[in-house]
Protein chains: 2
Amino acid sequence: MLWGFAVLMKTSLEAILERLEKSSALEEMQSVAESIRDHYGVSHLVYHWVSSNGEQYGCGTYSMEWVERYLEKEYLRVDPVIAGCYNKFHPVDWKQLDWSSKGARQFQKEAIEYGVGNQGYSIPIRGPNGQYALFTLSDDTSDADWAEFTEKNRRDLILLAHAMNEKALELEPGREGPPITSLSPREVEAITCLALGQSRAQAAQRLSISEHTLRVYIESARHKLGALNTTHAVARAMQRGIIVV
Amino acid sequence: MLWGFAVLMKTSLEAILERLEKSSALEEMQSVAESIRDHYGVSHLVYHWVSSNGEQYGCGTYSMEWVERYLEKEYLRVDPVIAGCYNKFHPVDWKQLDWSSKGARQFQKEAIEYGVGNQGYSIPIRGPNGQYALFTLSDDTSDADWAEFTEKNRRDLILLAHAMNEKALELEPGREGPPITSLSPREVEAITCLALGQSRAQAAQRLSISEHTLRVYIESARHKLGALNTTHAVARAMQRGIIVV
DNA sequence: TGGCCCCTCGCTATTTCTGGGGAGTTATAA
DNA sequence: TTATAACTCCCCAGAAATAGCGAGGGGCCA
């Protein structure tokens, strides 16, 4: 059973068409997910990622009912796994997360009802352009058994997450071909200053150029990035990893 | 022989003090790097990362002369390995990189002179807040041998890169402790709209509130984030993963 | 129940940014 | 060699953001 949730952020004809185009790759990942689940004998395996353009995809072994419920209720915004792993580098046990908020508890209760399992282990992976993926195993077992399981298979899971990710990358739009917009060194410096909260006057002083020149850089960078204003340009530059703050 | 290049971006008293504080951890990583090099019988192993605050660190087995040369000449800005891996997710063989630019060829020539080796394999890893690390092996050997070596040890190296990274994270400033500022749902929505390039008027319309109210959210978010202006607030919110664009 | 935070709305004046225009030098690339 | 692009400087007028003030209703928690 295949499911993609490319519709999370926007429901459009393009999203549906894209999804169809990608269905064969997703199906393949789907079947791999089932194999992994069976191999490790856990309840579920889910791979879920946010593409560089903000679209979300997923494949895994959750029941269709749970996926629909998740989407319908917009649990993405409450799910502590999503929020908790976002700032993590390395594998995270669900027990380490913060389930204290009201929404999170409600979510947890429902998840267990839908057979997700009380234990979970998620491996976050990140790429440029805001790509963010989660490789998750969940099961219904005791704390001790789960700890032993994750400890034992930790390395395998990291490698599996990597492999899954490599596959998912094939679905990424414009990975190669379309040249990534590149800013000139000065433009990068200018945008970086703005991202640090400096006004144009301050930034110009810092770069030892006139404010007019600085403005030219910003305008130029804005156009290259296809941004509507300075704030947008900074956001895009950060998202694409062009600047680091 | 330990080397840290925390001074790349700024040379300040704080940088030096920080470096001293971290020296024991760096030394440990240094010795691990040497062990790995010996185990795999390659010429060099280097682990190099950009911390979330933009400071750069490294440890590895390059000669002190080469490191100094690299820093002195600011090769960081020319090095195709840095630039080429920045947008990559997965292990990269140096042969796949673009060595065509004038600066790159000069750099390559010197690197070989300093004993870096003609072959290299780098594994990029990313985390939130712009963290970006490279785990690199280099050697002096034929294309065929190198291909066989990397193919064979690929999985090991991914795991080693992960482990190294975990160690490096201990040196990250403010990983825990300082409570992460949280924005209210409305504030998040407001900041998100701005990050998407909307003006305040547009954002207000989109959220179906008055522009004045929207402004209150933005001001509030700005203060919570300790930001100097809207652009800065958006940058910080993105950096901390509070908003996703 | 009192305190705290979230959500909503209003006004004014000042500062800053944005969007047009043009122009010269240098360096790298075709 | 001639483009092409990067870097630098300048003017102006209109649009937008910022800083400061204030006010009321609703919900959650101790």
Side-chain angles (χ1 to χ4, degrees), chain A residues 77-78 100-106 179-236 242, chain B residues 77-78 83 98-107 179-235 237 242:
Chain A
R77 307 211 171 273
V78 206
S100 65
S101 87
K102 196 181 146 193
R105 277 197 307 271
Q106 164 68 13
I180 24 173
T181 339
S182 69
L183 302 184
S184 78
R186 273 320 227 185
E187 286 161 358
V188 171
E189 288 180 272
I191 294 285
T192 303
C193 286
L194 297 185
L196 292 172
Q198 299 181 317
S199 69
R200 298 203 298 199
Q202 290 174 313
Q205 199 182 355
R206 172 152 165 182
L207 300 184
S208 307
I209 54 178
S210 78
E211 192 176 332
H212 302 277
T213 304
L214 184 98
R215 218 182 61 194
V216 173
Y217 295 147
I218 297 171
E219 294 285 289
S220 168
R222 260 213 359 249
H223 287 124
K224 285 182 181 175
L225 294 166
L228 299 167
N229 53 42
T230 302
T231 301
H232 196 195
V234 168
R236 291 203 153 185
I242 295 171
Chain B
R77 307 206 174 277
V78 206
D98 174 24
W99 295 89
S100 66
S101 87
K102 196 180 146 193
R105 277 197 307 271
Q106 164 67 13
F107 167 73
I180 25 171
T181 341
S182 68
L183 302 185
S184 77
R186 275 315 229 187
E187 285 161 356
V188 172
E189 289 181 90
I191 294 285
T192 303
C193 286
L194 297 185
L196 291 171
Q198 299 182 315
S199 70
R200 299 206 295 202
Q202 289 173 314
Q205 200 184 356
R206 174 153 164 180
L207 301 184
S208 308
I209 53 177
S210 78
E211 194 176 331
H212 301 271
T213 304
L214 184 98
R215 218 181 58 196
V216 174
Y217 294 147
I218 298 170
E219 295 286 288
S220 167
R222 256 203 16 238
H223 287 124
K224 284 183 183 176
L225 294 166
L228 298 167
N229 54 41
T230 301
T231 301
H232 195 196
V234 167
I242 294 171

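Just so we're on the same page: letters track the sequence lines, and every chain starts at 1. All values below come from the heavy atoms of this structure, side chains included, with hydrogens, waters and symmetry mates left out.
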- [ ] With the side chain counted from C-beta on, respond yes when Glu189(B) and Ile209(B) share a heavy-atom pair under 4.5 Å apart, and no when they do not.
- [x] no

TODO: Quickly work out the Leu214(A) CG to dC9(D) P distance and round it to whole Å.
DONE: 10 Å

Task: Whole angstrom value for the distance that separates C1' of dT8(D) from NE2 of His212(A) - done: 12 Å

Open item on the list: Tell me the interatomic distance from Leu207(A), atom CG, to dC9(D), atom C1', rounded to whole angstroms.
Closed with: 15 Å

Open item on the list: Quick check on dC9(C): is either OP1 or OP2 less than 4.0 Å from any side-chain nitrogen or oxygen of Thr213(B)?
Closed with: yes

Open item on the list: Is there a side-chain contact between Thr230(B) and Thr230(A) in this structure, where contact means two heavy atoms from C-beta onward sitting under 4.5 Å apart?
Closed with: no

Task: Where protein sits on nucleotides 20-30 of chain D, one letter per nucleotide: B base, S sugar-phosphate only, - none, heavy atoms under 4.0 Å - done: B----------

Task: Option among His223(B), Arg222(B), Arg215(B) that satisfies the side chain to side chain donor-acceptor pair (under 3.5 Å) test with Glu219(B) - done: Arg222(B)

Task: Leu207(B) vs Leu214(B), side chain to side chain contact (heavy atoms under 4.5 Å, CB included): CA-CA, chis, key distance, verdict - done: CA-CA 8 Å; Leu207(B) 301 184; Leu214(B) 184 98; 3.8 Å; yes

Task: Rounded distance (nearest 0.5 Å) linking atom CD1 of Ile242(B) with atom CG of Leu183(B) - done: 4.5 Å

Open item on the list: Distance check needed: dG19(C) C1' versus Leu228(A) CG, whole Å only.
Closed with: 14 Å

TODO: Round to a whole Å and report the spacing from NE2 of His232(B) to P of dA17(D).
DONE: 19 Å

Do any N or O atoms of the protein come closer than 3.5 Å to N or O atoms of nucleotides 2-6 of chain C, and which pairs are they?
residue, atom, partner, partner atom, Å
dC6(C), OP1, Lys224(B), NZ, 3.2

Task: Expected output: side-chain Arg186(B) to main-chain Tyr217(B) donor-acceptor under 3.5 Å - done: no

- [ ] Kindly check if the number of other-residue, nucleotide or ligand heavy atoms within 6.0 Å of CD (Gln205(B)) is above 12?
- [x] no

Task: Closest-nucleotide ordering on DNA chain D, the 5'-leading residue of Glu211(B) and Ile209(A) - done: Ile209(A)

TODO: Specify the residue among Asn229(B) and Ser210(B) whose closest nucleotide of DNA chain C lies further upstream toward the 5′ end.
DONE: Ser210(B)

Task: Closest approach of Ile218(A) to Ala190(A) (non-hydrogen atoms, all atoms of both residues) - done: CG1-CB, 4.3 Å

Open item on the list: Could you measure the distance from the CG atom of Leu228(A) to the OG atom of Ser199(B)? Nearest 0.5 Å is fine.
Closed with: 9.5 Å

TODO: Take the protein atom CD1 of Ile191(A) and the nucleotide atom P of dC7(D), then report the distance between them rounded to whole Å.
DONE: 13 Å

